[in-house]
Asks: 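Sharing a structure, written as structure tokens. Questions coming.
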Amino acid sequence: MPGLFSAAGRSLGFAGRLLLRVFLIVQSLVVVYPLLWNVLASFKTNEEVMESPWTLPASLNWDNYVRAFTTARMGDYMLNSVLVVIISMLFLLVMAVPTAYVLGRMAFRGRGFITNVYMAGLFIGGVYIIVPLFILMNNLNMLDNRFWLSAVYATGSLPFSVYLLIGFMKSIPHDFEEAAMIDGCGYFSTLFRIIMPMTRPALVTLIVFSFFDFWNEYVLALTLITDDAKKTIPIGLANLMQIQQYATDWGSLFAGLVIVLVPTVVIYTLLQKRLTDGMMLGGVKG
């Protein structure tokens with residue numbers, strides 16, 4: 001009887017692993033296939049997209065990408081997005097890292113209250129305050145400005161960034177700071193020379209998440225930017241989709257979608273290992 005139960009347990013375990021693998025394979029195909037179809041469609045002519053959407057393209061029509069960059073101005077939109085993402089990231093790091101350092105490693109009256117205020121910000125999305133935000137920025141003449149759009153992005157991501165970094169900051173022994181103070185380092189020197197190198201996994205995780213958030217943001221960019229020359233790539237892609245409904249240039253539309261996807265795929269591919277390690281380490285430390 002013990003052997004029978006043992007054999008049944010092994011059979012159930014094998015069946016469970018097999019079902020899990022089948023589920024993961026199916027899920028991977030569901031995710032990968034639309035991306036692959038989009039890439040193939042970006043090389044097709046309009047006739048091929050409409051008449052044979054499930055077949056391979058007869059030839060690689062690179063003209064679709066040329067039209068996406070020139071006629072649809074995807075290159076200009078991409079440059080705007082790159083500029084906004086870089087400025088937003090600088091804003092965010094300048095604000096989040098010192099804030100998390102102070103709240104995570106220094107004891108002072110009111111620290112708990114300030115920390116709770118930041119944590120409360122996790123539940124306030126930019127969409128919920130978009131009307132008063134628009135009115136405020138309009139009164140201050142901050143609309144149609146990529147610099148202030150970047151400031152809004154960074155401010156909106158600040159609560160999550162502080163929450164993420166505090167967990168790492170608290171886990172670092174205070175002996176490092178004491179040794180740095182003995183060597184003559186001040187607070188800023190300790191932060192930049194000791195604390196930040198030790199929180200590199202958290203910073204990489206923060207940068208990757210923030211990049212995806214800033215790169216794909218649509219609602220705030222649509223509301224706060226009206227000048228076509230300053231619009232980011234999600235807005236440009238939405239405009240391209242509206243135009244192609246009447247121009248029926250499906251090839252350049254799918255080429256524009258691929259152009260949007262390429263930076264995110266490249267960033268994730270290059271930093272996937274560090275991102276995973278940072279998330280796992282953050283879970284243990286938090």
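Sequence positions, counted from 1, serve as the residue numbers for this chain.
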Asks: Between Tyr101 and Phe188, is a ring-ring contact (aromatic ring centres under 6.0 Å, His included) present by the stated rule, with each step listed?
Replies: CA-CA 10 Å; Tyr101 175 62; Phe188 284 100; 8.8 Å; no
Asks: Do other residues, nucleotides or ligands put more than 12 heavy atoms under 6.0 Å from the CZ atom of Phe23?
Replies: no
Asks: Say whether Leu29 and Leu261 are linked into one hydrophobic cluster, either directly or through other cluster members, by side-chain heavy-atom distances under 4.5 angstrom.
Replies: no
Asks: Between Leu164 and Ala202, which heavy-atom pair has the shortest distance, and what is it?
Replies: CD2-O, 4.0 Å
Asks: Quick one: OG1 on Thr223 to CD1 on Ile130, what's the gap to the nearest 0.5 Å?
Replies: 3.0 Å
Asks: Check the hydrophobic clustering (I, L, V, M, F, W, Y; side-chain heavy atoms under 4.5 Å; chains of links allowed) and say if Leu79 and Ile267 are grouped together.
Replies: no
Asks: Using the side-chain contact (heavy atoms from CB on, under 4.5 Å) rule, take Phe254 and Val49 through it: C-alpha gap first, then chi angles, then the decisive distance, then the call.
Replies: CA-CA 10 Å; Phe254 292 120; Val49 172; 3.8 Å; yes
Asks: Do Asp213 and Trp215 have side chains that approach each other closer than 4.5 Å (heavy atoms only, starting at C-beta)?
Replies: no
Asks: How close do Met169 and Gly104 get, counting heavy atoms only, and between which atoms?
Replies: CB-CA, 4.5 Å
Asks: Does a donor on one side chain sit under 3.5 Å from an acceptor on the other, for Asn80 and Thr232?
Replies: no
Asks: CE of Met119: more than 12 outside heavy atoms within 6.0 angstrom?
Replies: yes
Asks: Dump the intermediate steps for side-chain contact (heavy atoms from CB on, under 4.5 Å) on Lys231 and Leu222, then the final yes or no.
Replies: CA-CA 8 Å; Lys231 289 182 178 179; Leu222 177 66; 5.8 Å; no
Asks: Give the C-alpha distance, both sets of side-chain angles, the deciding distance and a yes or no for ring-ring contact (aromatic ring centres under 6.0 Å, His included) between Tyr65 and Phe43.
Replies: CA-CA 8 Å; Tyr65 286 89; Phe43 291 105; 5.4 Å; yes
Asks: Hey, what do you get for CG (Leu140) to CG (Asn145), rounding to the nearest 0.5 Å?
Replies: 12.0 Å
Asks: Kindly give the heavy-atom pair with the smallest separation between Val258 and Val39, and that separation in Å.
Replies: CG2-CA, 3.9 Å
Asks: Could you give the distance from CE (Met137) to CG (Leu224), rounded to the nearest 0.5 Å?
Replies: 5.0 Å
Asks: Give a yes or no answer on whether the side chain of Asn116 reaches the backbone of Gly112 with a donor-acceptor pair at less than 3.5 Å.
Replies: yes
Asks: Return the minimal non-hydrogen interatomic distance between Met196 and Leu203, and the atom names on each side.
Replies: O-CD1, 3.8 Å
Asks: Atom CH2 in Trp148, atom OG1 in Thr155: separation rounded to 0.5 Å?
Replies: 9.5 Å
Asks: Would you check if the side chain of Asn216 reaches a backbone N or O of Phe212 as a donor-acceptor pair within less than 3.5 Å?
Replies: yes
Asks: A side-chain contact here means heavy atoms from C-beta on lying under 4.5 Å apart; do Leu93 and Leu206 qualify?
Replies: yes
Asks: How about Tyr128: does its OH atom have over 12 heavy atoms from other parts shown lying under 6.0 Å from it?
Replies: no
Asks: For the pair Arg105 (side chain) and Ile172 (backbone), establish whether a donor and an acceptor sit closer than 3.5 Å, ignoring hydrogens and angles.
Replies: yes
Asks: In terms of heavy-atom contacts, does CZ of Arg193 have more than 12 from other residues, nucleotides or ligands at under 6.0 Å?
Replies: no
Asks: For the atom pair CZ (Arg109) and CD1 (Ile114), what is the distance rounded to the nearest 0.5 Å?
Replies: 12.5 Å
Asks: Hydrophobic clusters here meaning ILVMFWY residues chained together by side-chain heavy-atom distances under 4.5 Å, can you tell me if Tyr153 and Val131 are in one?
Replies: yes
Asks: Between Val102 and Arg111, is there a side-chain heavy-atom distance shorter than 4.5 Å?
Replies: no
Asks: Is any side-chain heavy atom of Ser42 closer than 4.5 Å to one of Pro57?
Replies: no
Asks: Which atoms form the tightest heavy-atom contact between Pro197 and Phe192, and what is the distance?
Replies: CD-O, 3.5 Å
Asks: Is the side chain of Asn139 donor-acceptor paired with the backbone N or O of Ile135 at a distance under 3.5 Å, no angle test?
Replies: yes
Asks: Where the side chain of Ser210 meets the backbone of Ile207, is there a donor-acceptor pair that is under 3.5 Å apart?
Replies: no
Asks: Between OG1 of Thr190 and CE of Met181, what distance do you get to the nearest 0.5 Å?
Replies: 4.0 Å
Asks: Evaluate side-chain contact (heavy atoms from CB on, under 4.5 Å) for Thr55 paired with Glu48, printing each intermediate quantity in order.
Replies: CA-CA 8 Å; Thr55 61; Glu48 289 177 318; over 6 Å; no
Asks: With side-chain contact (heavy atoms from CB on, under 4.5 Å) as the criterion, how do Leu143 and Thr226 come out once you've worked through the C-alpha distance, each side chain's angles and the decisive distance to 0.1 Å?
Replies: CA-CA 8 Å; Leu143 297 179; Thr226 58; over 6 Å; no
Asks: Is there a side chain to side chain donor-acceptor pair (under 3.5 Å) between Asn61 and Thr45? Walk through the geometry before answering.
Replies: CA-CA 7 Å; Asn61 295 287; Thr45 62; 5.3 Å; no
Asks: Can you hop from Leu83 to Val94 via hydrophobic side chains spaced under 4.5 Å?
Replies: no
Asks: Does any non-hydrogen side-chain atom of Ile225 lie less than 4.5 Å from one of Ile235?
Replies: no
Asks: Counting distance only, does the side-chain N/O of Ser150 pair as donor-acceptor with the main-chain N or O of Val84 below 3.5 Å?
Replies: yes
Asks: Would a distance-only check, ignoring hydrogens and angles, find a side-chain to backbone donor-acceptor pair under 3.5 Å from Glu47 to Met50?
Replies: no
Asks: Indicate the atoms forming the closest heavy-atom contact of Gly256 with Leu237, along with that distance.
Replies: C-CD1, 4.0 Å
Asks: Does Asn64 reach the main-chain N or O of Lys44 with its side chain, forming a donor-acceptor pair under 3.5 Å?
Replies: yes
Asks: For the hydrophobic clusters of this structure (ILVMFWY residues joined by side-chain heavy atoms under 4.5 Å, transitively), does one cluster hold both Leu40 and Trp37?
Replies: no
Asks: Once you measure the plane-to-plane angle for Phe147 and Phe91, does it fall in the parallel (<30°), tilted (30-60°) or perpendicular (>60°) bin?
Replies: perpendicular
Asks: Check whether any side-chain heavy atom of Ser81 sits under 4.5 Å from a side-chain heavy atom of Phe214, and report yes or no.
Replies: no
Asks: In the structure I gave you, are the side-chain heavy atoms of Arg73 and Asp228 within less than 4.5 Å of one another anywhere?
Replies: yes
